[in-house]
Asker: 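Have a look at this one.
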Amino acid sequence: QVQLVESGGGLTQAGGSLLLQCAASGRTFNSYAMGWFRQAPGQERELVSAISRGGGSTYYADSVKGRFTISRDNAKNTVLLQMNSLKAEDTAVYYCAATSSANWLRIDTYDYWGQGTQVTVSS
């Protein structure tokens, strides 16, 4: 069982940066691949980035590639999402999630979710 808490969201201008953090409780953190998802009003929740349990493999949506960086520190039970060159289109609630499935690029495999943190980018 994993409990997840996001932090670091807020309001910034276009071109700015934010660092999102996900803190996980429990002693089995390194058994889960981790993902960052986002959902804007009226839109489907989408996978933004994901990282394998050991951190050796990563995924980025085309819309954020080159601007966002995902990382994890299994010793600290944390996952980070560094967001640079932010655009108004990045405005959404961002969620941290965990999956024990090998198919960690599918949203329906994620078992545990944080409450979300709001990111707002002014244009």
Asker: Under the side-chain hydrogen bond (donor to acceptor under 3.5 Å, both in side chains) rule, collect the residues that match up with Asn103, sequence neighbours excluded.
Answerer: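 Result, side-chain hydrogen bond (donor to acceptor under 3.5 Å, both in side chains) vs Asn103: none returned.
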Asker: What pairs with Glu89 under salt bridge (Lys or Arg N to Asp or Glu O under 4.0 Å), at least two apart in sequence or on another chain?
Answerer: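 In terms of salt bridge (Lys or Arg N to Asp or Glu O under 4.0 Å), with neighbours along the sequence ignored, Glu89 is linked to no residue.
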Asker: What pairs meet the disulfide (SG to SG under 2.5 Å) rule with one or both residues in residues 56-123, with sequence neighbours excluded?
Answerer: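 Applying disulfide (SG to SG under 2.5 Å) to every pair that reaches into residues 56-123, excluding sequence neighbours, yields Cys22-Cys96.
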Asker: Answer yes or no: is there a donor N or O on one side and an acceptor on the other, between the side chain of Arg67 and the main chain of Ser85, under 3.5 Å?
Answerer: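 Yes; at least one donor-acceptor contact below 3.5 Å.
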Asker: Output every pair passing disulfide (SG to SG under 2.5 Å) with a member in residues 25-83, not counting sequence neighbours, ordered by first then second residue.
Answerer: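 For residues 25-83, and leaving out neighbouring residues, there are no disulfide (SG to SG under 2.5 Å) pairs at all.
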Asker: Give me each pair satisfying disulfide (SG to SG under 2.5 Å) with a member in residues 29-80, each pair once, sequence neighbours excluded.
Answerer: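 Output for this query is empty, none listed.
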Asker: Could you list the residues that satisfy salt bridge (Lys or Arg N to Asp or Glu O under 4.0 Å) with Arg45, not counting sequence neighbours?
Answerer: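 Expected list: none.
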Asker: Test of understanding: with side-chain hydrogen bond (donor to acceptor under 3.5 Å, both in side chains), list the residues that count as partners of Gln3, not counting sequence neighbours.
Answerer: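 Counting only residues at least two positions away or on another chain, Gln3 forms no side-chain hydrogen bond (donor to acceptor under 3.5 Å, both in side chains).
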Asker: Which residue pairs satisfy the side chain to side chain donor-acceptor pair (under 3.5 Å) criterion with at least one member in residues 13-23, sequence neighbours excluded?
Answerer: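 The answer is Ser17-Asn84.
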Asker: Say whether, by atom type as modelled, one donor and one acceptor occur between the side chain of Arg72 and the main chain of Ser52 under 3.5 angstrom.
Answerer: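 Yes.
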Asker: So, does Tyr110 use its side chain to make a donor-acceptor pair with the main chain of Trp104 at under 3.5 Å?
Answerer: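 Yes: the side chain of Tyr110 pairs with the backbone of Trp104.
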Asker: Leu80 versus Leu19: any side-chain heavy-atom pair under 4.5 Å?
Answerer: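 Leu80 reaches Leu19 side chain to side chain.
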Asker: Once you measure the plane-to-plane angle for Trp113 and Phe37, does it fall in the parallel (<30°), tilted (30-60°) or perpendicular (>60°) bin?
Answerer: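 Ring orientation, 0 to 90° scale: tilted.
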Asker: Who are the side-chain hydrogen bond (donor to acceptor under 3.5 Å, both in side chains) partners of Ser7, not counting sequence neighbours?
Answerer: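 For Ser7 there are no side-chain hydrogen bond (donor to acceptor under 3.5 Å, both in side chains) partners, ignoring immediate neighbours.
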Asker: Under the 4.5 Å side-chain heavy-atom rule for ILVMFWY, direct or indirect, which residues accompany Leu86?
Answerer: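 Joined to Leu86, directly or through intermediates: Val2, Leu4, Leu18, Leu20, Phe29, Tyr32, Met34, Trp36, Val48, Ile51, Tyr60, Val64, Phe68, Ile70, Val79, Leu81, Met83, Tyr94, Tyr112, Val119, Val121.
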Asker: Testing the basics here: between Ser101 and Thr109, what is the closest heavy-atom pair and its distance to 0.1 Å?
Answerer: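 Ser101 and Thr109 have their closest heavy atoms at CB-CB, 3.7 Å.
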Asker: Nearest 0.5 Å, what's the CG-OG distance between Asp90 and Ser63?
Answerer: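 So the CG of Asp90 and the OG of Ser63 are separated by 7.0 Å.
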Asker: If the condition is side-chain contact (heavy atoms from CB on, under 4.5 Å), which residues does Ala40 pass it with, not counting sequence neighbours?
Answerer: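 Here the qualifying residues are Gln43, Ala92.
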Asker: For Asp111 and Ser100, work out which heavy atoms get closest and say how close.
Answerer: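 Of all heavy-atom pairs spanning Asp111 and Ser100, the closest is OD2-OG, 3.5 Å.
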Asker: Please identify each residue that fulfils side-chain contact (heavy atoms from CB on, under 4.5 Å) with Thr120, with sequence neighbours left out.
Answerer: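 Thr120 satisfies side-chain contact (heavy atoms from CB on, under 4.5 Å) with Leu11, Thr91, Gln118 once adjacent residues are dropped.
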Asker: Is there a salt bridge (Lys or Arg N to Asp or Glu O under 4.0 Å) between Lys65 and Asp62 once you walk through the steps?
Answerer: CA-CA 5 Å; Lys65 193 173 299 181; Asp62 287 343; 3.3 Å; yes
